[in-house]
Amino acid sequence: MSSIESLIFLLGAAALLAQLARILKVPYPVFLVFGGLLIGLAPGLPTVAISPEIVFLVFLPPLLNYAAFFSSPRDLRRHLRPLLALAIGLVLFTTAAIALIAHTLIGLPWAAAFVLGAIIAPTDPVAAEAIFRRLGVPGRVSTIVGGESLVNDGTGLVAFRLAVAAVVTGTFSVWEAGLDFLLVGGGGIVLGLILAWLVLPLWKRVSDPSIFIALSLLTPYAVYVLAEEVLHASGILAVVSYGLYRGWRDPSLFPNASTRIQNISFWNMLVFLLESLLFVLVGQQLPSILEGLSEYSVAQVLIYAALVYAALLGTRFLWFFTTPYLHPVFDRLLRNRYLGAPWQERLVMVWSGMRGGVSLAAALAVPLVTDTGESFPARDLILFLTFSVILATLVLQGLSLGGLIRSLRLRGDEEADALVELKGRLKAAQAALDRIEQIYNDEQVPLDAQERMREHYEERIRRYGAGLQAGGTSEAYAESSAAWRNWRRELLTAEREAIVSMRDRGQLPPEIMRRIQRDLDLEEARIGG
C-alpha cells in the first residue's frame with residue numbers, strides 16, 4: 001500500500017473512531033490513540049512513519065493558529081501573569097523535576113534527563129477542551145487550561161532545543177541558555193505581531209473567498225518558517241501571537257460575511273482532520289519504539305514510565321496546591337487570585353494537564369548521534385517514556401476528567417453567557433433600528449419595505465427584551481424560543497421543498513436552485529439550536 005493510500009486509510013479510520021467516541025461520549029483523542037495503537041500492532045495494516053519535521057511544519061502552525069484565533073486576548077490579558085507563571089514557571093519546574101527523577105532513579109545522564117523533562121513538560125488541551133465543551137466548566141478554568149497550552153508549547157520546545165544542544169555539543173552555559181531562551185521566545189512573539197500588523201490589512205483587497213481561504217491557511221506556515229528558519233526564533237510563539245492578533249482584528253478587517261462563514265467552515269474541517277490524524281499517528285508509533293528497548297526488561301520500562309508519570313502529575317498538583325499559600329507575596333506578584341480559586345477548580349486544572357502530539361514530535365526530533373559520532377544517550381528510552389506519558393494522561397485523565405467534573409459539581413457559565421448573548425443581540429438590533437431611522441427617507445428603498453424591516457427589528461427587540469426579563473434561561477422562555485425556532489425551520493423546509501420540486505420539473509436550473517438553497521441554509525444556521 002502506497003503512502004497516499006495509507007494516509008487515506010488512516011483518515012478514514014480516524015473519522016470512524018471520532019464518530020464512535022462521540023456516540024460513547026468519550027474524548028475522541030483517547031479513541032484515536034488506541035485506534036492507532038491497534039493499527040500499528042495489527043499485521044497487514046498500513047503504518048506511516050512520522051518525520052519530526054513533518055509534524056512540526058505540517059501540523060503545528062494551523063493547529064496553533066486555530067486555537068489562538070478563537071482565544072480571547074482580553075481574557076488572556078486578564079490572567080496574563082498567572083498564565084506566564086504556568087507557561088514558564090511550571091514548565092521549567094516540571095522539566096527540572098522530571099530531570100531529577102530520570103537521573104537519580106532511572107540513570108539517564110543529566111543532559112539527556114533534561115531533554116526528557118523539556119519534551120513532556122508542555123500540556124495539550126485538546127481532550128480537556130472537548131470535555132469542557134460537553135459538560136461545561138467555569139470560564140476561568142477553560143481560559144487557564146487553554147491559555148497555558150498556547151504559550152507553554154513554545155517554552156517547552158525552547159528548553160528542549162537548549163537541552164539537545166547541550167547533549168550534542170557537550171557544552172552548556174546557564175547564562176547563554178537563559179539569554180537564548182529570552183531571545184528565541186520573545187523574538188517569536190514580536191515577529192508574529194509585526195507580521196500580523198503588516199500583512200492582515202492587505203487582505204482587505206481580497207474579495208474571492210477561495211483566495212482568501214488559501215491565504216488564511218498559508219500565512220501561518222509562512223510565519224512559522226520565517227521565525228524558525230530565517231530568524232531562529234520560536235515559530236510556535238510567532239504563530240500564536242499572529243493568531244491572537246488576527247482573531248481579535250478579524251471582524252473589522254474582513255467584513256464580508258460569506259467569506260468569513262466559508263473560512264470558518266474550512267478551518268473547522270481542517271483542524272478536525274489534522275488533530276484526528278495526529279493522534280492516530282501517535283498511537284502507531286509504539287511498535288517501532290518498542291523495537292529499540294531490547295536492553296531493558298518489561299518490568300524496568302514499566303516502572304520507569306510509572307515514575308515519570310507520577311513525577312509529572314505530582315509537580316502539577318504541587319504547583320496548584322502550594323502556590324496559593326504563598327499569600328500575600330504570590331498574589332502581590334501576580335496581581336491575580338486564580339490560584340486562590342476553590343480547590344475543586346484547581347483540581348480540575350491539575351487533571352486537565354494532558355500531553356499530546358507536540359511532546360511526541362519533540363521526542364522524535366531527538367538526534368540519533370552527537371557531534372562526537374556517539375549515539376544519543378537513551379534515545380529509545382526517552383521515546384518510550386514520552387509515549388507512555390502521552391498514553392497515560394490521555395487514557396487515565398481523559399477518561400476520568402468528565403466524571404471528576406460531575407463529582408465536584410462544577411458548573412459552567414451557561415446562564416451568564418445566555419444573558420450576555422441576549423444583551424449583545426439586543427444591542428445589535430437596537431443599533432440596526434437606529435440606523436433605519438437615519439436612512440428612513442432614502443427614496444431608493446420603498447416605504448413599505450422600510451416599514452417591514454422596522455417591524456422585523458422591533459419584533460427582535462421585544463423577543464430579546466423578554467428573554468432578559470425572564471433571566472435568559474427560564475423554562476418558559478426556553479420553550480418559547482424552541483417553539484419559534486421549530487416554526488421557522490418548518491417554513492424554511494417548505495421553501496426548500498418548493499425549489500427542489502421546481503428543479504425536478506425543469507423549471508429551475510440546478511445552479512440557481514443551489515444559490516437559493518445556500519441562502520436558506522445560511523438562514524437556518526443563523527437560527528441556531
Side-chain angles (χ1 to χ4, degrees), residues 27 29-34 36-38 40-41 90-124 127-128 156 160 163 279 282-322 347-364 366 377-401 403-404:
V30 178
F31 261 50
L32 294 175
V33 170
F34 270 123
L37 181 58
L38 293 176
L41 293 174
L90 180 55
V91 166
L92 297 180
F93 177 52
T94 303
T95 300
I98 296 297
L100 179 64
I101 295 295
H103 176 73
T104 58
L105 300 182
I106 300 178
L108 268 63
W110 271 116
F114 272 101
V115 169
L116 174 63
I119 287 172
I120 61 178
T123 57
D124 187 318
F160 165 75
F279 280 107
V282 167
Q284 271 203 317
Q285 303 313 300
L286 182 60
S288 60
I289 292 172
L290 292 176
E291 293 176 0
L293 293 176
S294 56
E295 62 182 287
Y296 302 98
S297 67
V298 175
Q300 273 184 300
V301 293
L302 290 179
I303 291 173
Y304 293 162
L307 287 172
V308 171
Y309 175 66
L312 189 73
L313 188 59
T315 53
R316 189 170 180 85
F317 186 90
L318 188 64
W319 180 275
F320 276 90
F321 281 89
T322 58
L347 184 58
V348 169
M349 293 181 198
V350 170
W351 209 244
S352 301
M354 302 171 215
R355 270 58 180 177
V358 173
S359 293
L360 181 68
L364 292 170
V366 174
R379 184 180 187 274
D380 292 324
L381 183 58
I382 290 174
L383 285 171
F384 175 79
L385 294 176
T386 301
F387 179 87
S388 300
V389 165
I390 294 172
L391 191 62
T393 57
L394 285 177
V395 174
L396 296 179
Q397 295 170 219
L399 290 179
S400 59
L401 181 58
L404 177 65

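All values derive from a computational prediction rather than experimental measurement. Count residues from 1 along the sequence.
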Euclidean distance, [Y] [atom2] relative to [X] [atom1], rounded to 0.5 Å:
X: Y296; Y: Y304; atom1: OH; atom2: OH; result: 6.5 Å
X: L381; Y: S388; atom1: CG; atom2: OG; result: 9.0 Å
X: D124; Y: I390; atom1: CG; atom2: CD1; result: 8.5 Å
X: F114; Y: I119; atom1: CZ; atom2: CD1; result: 13.5 Å
X: L312; Y: L385; atom1: CG; atom2: CG; result: 11.5 Å
X: F31; Y: L399; atom1: CZ; atom2: CG; result: 8.0 Å

Side chain proximity check, [X] to [Y], heavy atoms < 4.5 angstrom:
X: E295; Y: D380; result: no
X: T123; Y: M354; result: no
X: Y309; Y: T393; result: yes
X: L90; Y: R316; result: yes
X: F321; Y: L347; result: yes

Could you report the tightest heavy-atom contact between [X] and [Y], atom names first, then the distance?
X: P377; Y: I382; answer: O-CD1, 4.1 Å
X: A311; Y: I101; answer: CB-CG1, 3.8 Å
X: P122; Y: G156; answer: CG-CA, 3.8 Å
X: T95; Y: A118; answer: CG2-N, 3.5 Å
X: L318; Y: F93; answer: CD2-CZ, 3.9 Å
X: F320; Y: M349; answer: CE2-SD, 3.5 Å

key: Given L313, T386, I120, the one that forms side-chain contact (heavy atoms from CB on, under 4.5 Å) with V308   =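 Passing option: I120.
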
Examine distances only and state if a side-chain atom of [X] and a backbone atom of [Y] form a donor-acceptor pair shorter than 3.5 Å.
X: T94; Y: A121; answer: no
X: H103; Y: L108; answer: yes
X: R379; Y: V366; answer: yes

